[in-house]
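Below is one structure, written out as structure tokens; comments come after it.
To find a chain, count down the sequence lines: A is the first, B the second, and so on, and within it residues start at 1. Every value quoted in this text rests on a predicted model; they were computed, and no experiment measured them.
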Amino acid sequence: MKYNFNEIEKKWQDFWETNKTFAAEIDHAKPKYYVLDMFPYPSSEGLHVGHPEGYTATDIIARYKRMKGFNVMHPMGWDAFGLPAEQYAIKTGIHPRITTQKSIDNFKRQLKSIGLSIDWSREIATIDPKYYKWTQWIFMQLYKKGLAYQAEIAVNWCPELGTVLANEEVPEQIEKGYTVVRRPMKQWMLKITEYAERLLIDLDMLDWPESTKEMQRNWIGKSEGARVTFKIAGENSGSIEVFTTRPDTLWGATYMVLAPEHPLIDKITTPEHITAVDIYKDNAKNKSDLERQQEKDKSGVFTGAYAVNPVNNEEIPIWISDYVLMGYGTGAIMAVPGHDERDWEFATKFHIPIVEVVKPTGSQQSDITKEPFVEDGVSVNSGFITGLKTEKAKKKVIAWLEEKGLGKGTIQYKLRDWLFSRQRFWGEPFPIIHMEDGTVKLLPEDVLPVMLPEVDNYKIIGTGESPLAGITEWVNTTDPETGKPAKRETNTMPQWAGSCWYYLRFLDPNNEKEFVNKELEKYWMPVNLYMGGAEHAVLHLFYARFWHKVLFDLGYVSTREPFVRLYHQGMILGEDSNKMSKSRGNVVNPDEVIANYGADSLRLFEMFLGPLSATKPWSTNGIEGVYRFLNRIWRLVVNEDGSINVKIQDVKPEGENERIMHRTIMNITDDIEDMDMKFNTCVSELMIYVNEIFKLDVIPKELILTLVKLISPFAPHLAEELWQKLGHTGTIAFEKWPEFDPAKVKKQVVTIIGQINGKVRSKIEADTDTPDDKLIELMKQDEKIRSYIEGKEIVKEIAVKNKLVNIVVK
RNA sequence: GCCGCCAUGGCGGAAUUGGUAGACGCGCUAGACUCAAAAUCUAGUAAUGGCAACAUUGUAACGGUUCGACUCCGUUUGGCGGUACCA
């Protein structure tokens, strides 16, 4: 009887479905384990072989944890709003809901064919009104808490996409070749900045890749310093506030710079400079961020006005330049060319004095005429802080500024508020109406969800309005509370909205009264293991943390953080070591692989390819190897005629057999439990084990049962089938994971390496745990070793228990 | 520019965390089975020299620490990811 993977896989996938094998319900008798994949965007192309890598890894963990006695939550759903479906709809006139549903069906079929142990009864899709009702509801909570507001600000406008983008999304779109320009528009914002400090501090309690935590830290961009007020020279001319991280360098501030958008410019510019300043401002306005970035040379113009340096009352010129950004700090800086790269460049170009106020400590040298000294050191030429180290000097200056009312110590973040509206059709509508008198009103809870209209024209209309704005019968409505005429908000939420809280909905997907039942939330949360690509390091993972913290503050969730452990699976490249893409023609479709080798081969091979976190190329030859391996296991148990191999007998495993079994259980268990999820070495351990069993004339049945259990998380269909063939009924999914006895892993006799001056010269056999001195004595009796030490002086003898003896000779 | 990660046979990758470098798999070579092929099984496979035992070299490069370094430290080179005037 051949290994008929097609038949076996179909049989067990049907079995799991009809028996609801993986349905998860609360069970207080068991510890819970919530293992989650980042839910996919169901694209029309379907899965490629990169997708199953993460899904297989989490599935192995899920199946392993079940066998370890955990109550496992392992759900799947669809992050289904998204631009591709909308663009396709514009082209074809087919409603995005229809194309998206088609893609979902295809994804679901593909995922099921991999044999994932998912509780499909919990399936959710962000485009389902029953789901986005609660996305809208959460927005209402944000609004009520004062965390959502509308603002006319300079936003990132992408003309090709016809929408605005969040700061976090800009780099990605620029990389794709789209242009992004700054443009003032009225938009919905979420006050994520209010949570900056907590989003930063709580990173410390997360078991996440350090690189991802670091990226979030950089994105938050916390810096400590001071705000300082500079009076503008002249009678009653007002003042300029700046932020600096180096208040200790105040004595070195020889000029000031305002961002070109700074509101004070028009007030302070002297008549003879107005023309030049206006030209510069106009230029800056028309430049995109990209253009600004690409300019390496500093530019700027003098306003004609002067400010007074509060520490020494010197008058310093006020310039404007686009190297100062309106969006950070106060939009104005004090420039210290001696101790800041950018100020140094600017001052050198425009011949502004450069003053040294910090000297390096120790033997380090600095020459500020050649380059700025930007590190910490000791203050010089700095009045009352002269001679103090930077740390102390900062504190003293801040104290002095506060005492004199000239400034105060503050903390500044790079993080800006989250631009939360998009000019798209295919997204969650806001539960907001605009009254005729201009007031903005939240709709009452009982009218949710605000549904998208049924239309057949999705063309982007001109100047930055959502396609929804053109659907007057939808836009014009009445206030359900007063009956007065009102217009609906026509922007929609960004794709991130639905993915900010989906992990909570999985716990209670059909609840019509709450977004999640509190008891269920308390039992299942937090997510124990979250698997997904590193490309979401600052976007999804940051936004979801923010929403979660808001929900925590409102008492709706019980944990501070949603995902305690995060793992990024690597990318699988095409066989040519390039990124898989349609245009390169190197995309491998899992459907084909499954048809040729079966899902178990696909799963096993994806794990065997290399470390889970690594980027690695696909290999068609490689999958032949694991396919052969699975065939070998099949033949080990099942004969040609379908009967069980007669070599498998009901005897106890003893001696070396028993040792191999315990060693394999130990190695595989350790590798699964390892923080790094070393599934590639798990597979190789299984291969070694099978190779060993193959050599036996009599195979103790326990060896085979252990093999079947050990392989069941990796190749579940094969395991189920063999389990049944070996006389069991039902599923293997909840069998107890095999245990090992460390004492039984130990060898009786071990090979000891004999080294002379660190070079391997011989090997001897010795009893396990032979004491060091005995080991050295044994080694010296070895013939080869003797020939090396004869006539030489022994300088040193080193023994490592059960490992080696090294003899140093002269 | 700055920050982070990485570099091991023809290929994907192992290495008990400082103790036999190259596990396991792919590929390749030879043999068995077969009329033949496929499948399967057996043996070999880092390089150089040698019939062989064996010797020498070898984990991007150079240097250091150590009885002993793929592993630790320093310098350099190459690749990947992030970020970019954030005061």
Side-chain angles (χ1 to χ4, degrees), chain A residues 2 171 209-215 217-219 221-223 225 242-246 249 253 256-257 259 289 292-296 298 321-325 327-336 339-343 345-346 374 412-416 534-535 537-538 568 570-571 577 604-605 608-611 613-626 628-629 631-632 635 666-667 670 678 680-691 694 751-763 784 795-809:
Chain A
K2 282 237 159 62
E210 201 44 51
S211 57
T212 300
K213 290 205 259 183
E214 195 57 29
M215 277 164 69
R217 285 190 196 107
N218 289 338
W219 194 260
K222 180 181 182 176
S223 45
V242 301
F243 172 75
T244 176
T245 55
R246 292 295 297 272
T249 61
M256 298 190 80
V257 186
D289 272 11
R292 274 203 191 185
Q293 272 173 38
Q294 280 167 345
E295 273 166 26
K296 280 185 187 132
K298 292 276 178 292
S321 171
D322 62 6
Y323 85 88
V324 173
L325 309 171
Y328 182 73
T330 61
I333 61 157
M334 63 176 217
V336 185
H339 306 284
D340 181 276
E341 296 282 339
R342 297 146 302 179
D343 296 346
E345 262 179 62
F346 191 86
V374 298
Q412 187 70 43
Y413 300 93
K414 278 195 223 174
L415 184 68
R416 320 281 165 83
E535 67 274 17
V538 271
H568 296 310
M571 214 192 324
S577 289
L604 209 60
F605 181 58
F608 189 54
L609 261 179
S613 57
T615 303
K616 57 234 169 221
W618 181 260
S619 156
T620 304
N621 279 333
I623 195 162
E624 300 263 1
V626 294
R628 259 175 241 169
F629 169 62
N631 271 290
R632 233 163 112 81
R635 273 183 282 116
M666 180 178 81
N667 288 344
D670 287 355
K678 299 171 153 181
N680 54 333
T681 50
C682 285
V683 178
S684 100
E685 278 301 329
L686 286 165
M687 287 172 169
I688 294 168
Y689 183 53
V690 169
N691 288 345
F694 237 87
T751 306
I752 303 295
I753 304 306
Q755 294 184 331
I756 300 294
N757 295 343
K759 280 201 170 140
V760 181
R761 295 300 179 189
S762 186
K763 290 164 197 179
K784 278 192 211 138
V795 184
K796 203 168 182 178
E797 296 167 337
I798 295 123
V800 180
K801 206 180 228 175
N802 298 332
K803 287 250 163 65
L804 62 77
V805 170
N806 187 14
I807 299 170
V808 185
V809 296

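Closest contact between the side chain of A:T751 and the listed nucleotides B:U20, B:G13, B:A87 involves B:U20. Of the listed nucleotides (B:A87, B:C24, B:G13), B:C24 has the atom at the smallest distance from the side chain of A:S684. The listed nucleotides are B:A84, B:C54, B:A15; the one nearest the side chain of A:W219 is B:A84.
Separation of atoms CG (A:L604) and CG (A:L686) is listed at 7.5 Å; rounding is to 0.5 Å. The CD atom of A:E535 sits 8.0 Å away from atom CE of A:M571, with the distance rounded to the nearest 0.5 Å. Here the straight-line distance linking atom CG of A:L609 with atom OG of A:S619 works out to 7.5 Å at 0.5 Å rounding. Atom CD1 of A:I798 and atom NZ of A:K803 lie 15.0 Å apart (nearest 0.5 Å). The distance from atom CE of A:M687 to atom CZ of A:F608, rounded to the nearest 0.5 Å, is 4.0 Å.
Applying the 4.0 Å criterion to OP1 and OP2 of B:G19, one finds that A:K803 has every side-chain N and O outside that range. Considering only side-chain N and O atoms, A:R632 lies under 4.0 angstrom from the phosphate OP1 or OP2 of B:C41. Proximity of A:R628 to the phosphate of B:C24: no side-chain N or O atom is located under 4.0 Å from OP1 or OP2. Regarding contacts with the backbone of B:U57, a side-chain N or O of A:K759 is found under 4.0 angstrom from either OP1 or OP2. The shortest distance between the side-chain N/O atoms of A:N680 and the OP1/OP2 oxygens of B:A14 is below 4.0 Å.
Both distances falling under 3.5 Å, in either a Watson-Crick or a G-U wobble arrangement, place B:C2 opposite B:G82. Checking B:G44 for Watson-Crick or G-U wobble geometry (two distances, each under 3.5 Å) identifies B:C28 as its partner. Applying the Watson-Crick and G-U wobble criteria (two distances, each under 3.5 Å), B:A69 pairs with nothing in any strand. Across all strands shown, B:U77 is found opposite B:A7 as a Watson-Crick or G-U wobble partner, with both distances under 3.5 Å.
Here B:G68 presents its P atom at 20 Å from CD1 of A:I752, a figure rounded to the nearest Å. The distance between atom CD of A:E214 and atom C1' of B:C3, rounded to the nearest whole Å, is 7 Å. Note: CD (A:E210) to C1' (B:C5) measures 12 Å, nearest angstrom. B:U40 atom P lies 10 Å from atom NZ of A:K2, rounded to whole Å. Note: CD (A:E685) to P (B:C24) measures 10 Å, nearest angstrom. Residue A:I753 contributes atom CD1, which lies 12 Å from atom C1' of B:A21 at whole-angstrom precision. For A:K414 and B:C3, the NZ to C1' distance is 10 Å, given to the nearest whole Å. Spacing between atom CD1 of A:I798 and atom C1' of B:A69 amounts to 14 Å, rounded to whole angstrom units.
A:M215 and A:V538 get closest at one heavy-atom pair: O-CG1, 3.7 Å. Across every non-hydrogen atom of A:Q412 and A:Y328, the tightest pair is CG-OH, 3.3 Å. A:V242 and A:T330 make their closest contact through CA-OG1, 3.4 Å (heavy atoms, listed as atom of the first residue, atom of the second, distance).
Residue contacts shown for A:V800 include a base, since a base heavy atom lies under 4.0 Å away. Residue A:E341 is classed as having no contact, given no heavy-atom separation below 4.0 Å to the nucleic acid. In this structure, A:S223 reaches the sugar-phosphate backbone alone: every heavy-atom distance under 4.0 Å involves primed, P, OP1 or OP2 atoms, never a base. Backbone-only contact: A:N691 has heavy atoms under 4.0 Å from sugar-phosphate atoms and none from a base. Across all strands shown, A:S619 has no heavy atoms under 4.0 Å from either base or sugar-phosphate atoms. Heavy atoms of A:R761 sit under 4.0 angstrom from primed sugar atoms or phosphate atoms, though from no base atom. Across all strands, A:I688 comes closer than 4.0 Å only to sugar-phosphate atoms, never to a base (heavy-atom distances).
Remark: the separation of the C1' atoms in B:U8 and B:G4 is 22 Å, to the nearest Å. For B:U20 and B:U71, the P atoms lie 13 Å apart once the distance is rounded to whole Å. Across B:A47 and B:C41, the matching P atoms stand 25 Å from one another, rounded to whole Å. Rounded to whole Å, the separation between the P atoms of B:A38 and B:C28 comes to 11 Å. Between B:G79 and B:A30, the two C1' atoms lie 39 Å apart (nearest whole Å). Using C1' as the reference atom, B:G58 and B:G49 are 15 Å apart when rounded to the nearest Å. B:C72 sits 12 Å from B:C5 when the P atoms are compared, rounded to a whole Å. Rounded to whole Å, the P atom of B:C85 lies 47 Å from the corresponding atom of B:U66.
B:U17 has its base syn relative to the sugar, with a glycosidic angle deviating from 0 by at most 90°. Applying the 90° criterion around 0 to the glycosidic angle, B:G4 comes out anti.
Annotation: cation-pi geometry not satisfied between A:K298 and A:F346 (NZ/CZ under 6.0 angstrom from ring centroid, within 45° of ring axis).
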Are any protein N/O atoms closer than 3.5 Å to N/O atoms in nucleotides 6-12 of chain B? If there are, list each pair with its distance.
unit_1 : atom_1 : unit_2 : atom_2 : d
B:G12  : O2'    : A:L609 : O      : 2.5

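Between the side chain of A:N621 and the base of B:C26, no donor-acceptor pair under 3.5 Å is found.
Looking at which nucleotide of RNA chain B each of A:M687 and A:S211 is closest to, the 5′-most match is held by A:S211. Nearest-nucleotide positions on RNA chain B place A:R635 closer to the 5' end than the other of A:K222 and A:R635.
Here the side chain of A:R246 pairs a donor or acceptor atom with the backbone of A:V374 at under 3.5 angstrom.
The shortest side-chain heavy-atom distance between A:K796 and A:N806 does not fall under the 4.5 Å cut-off.
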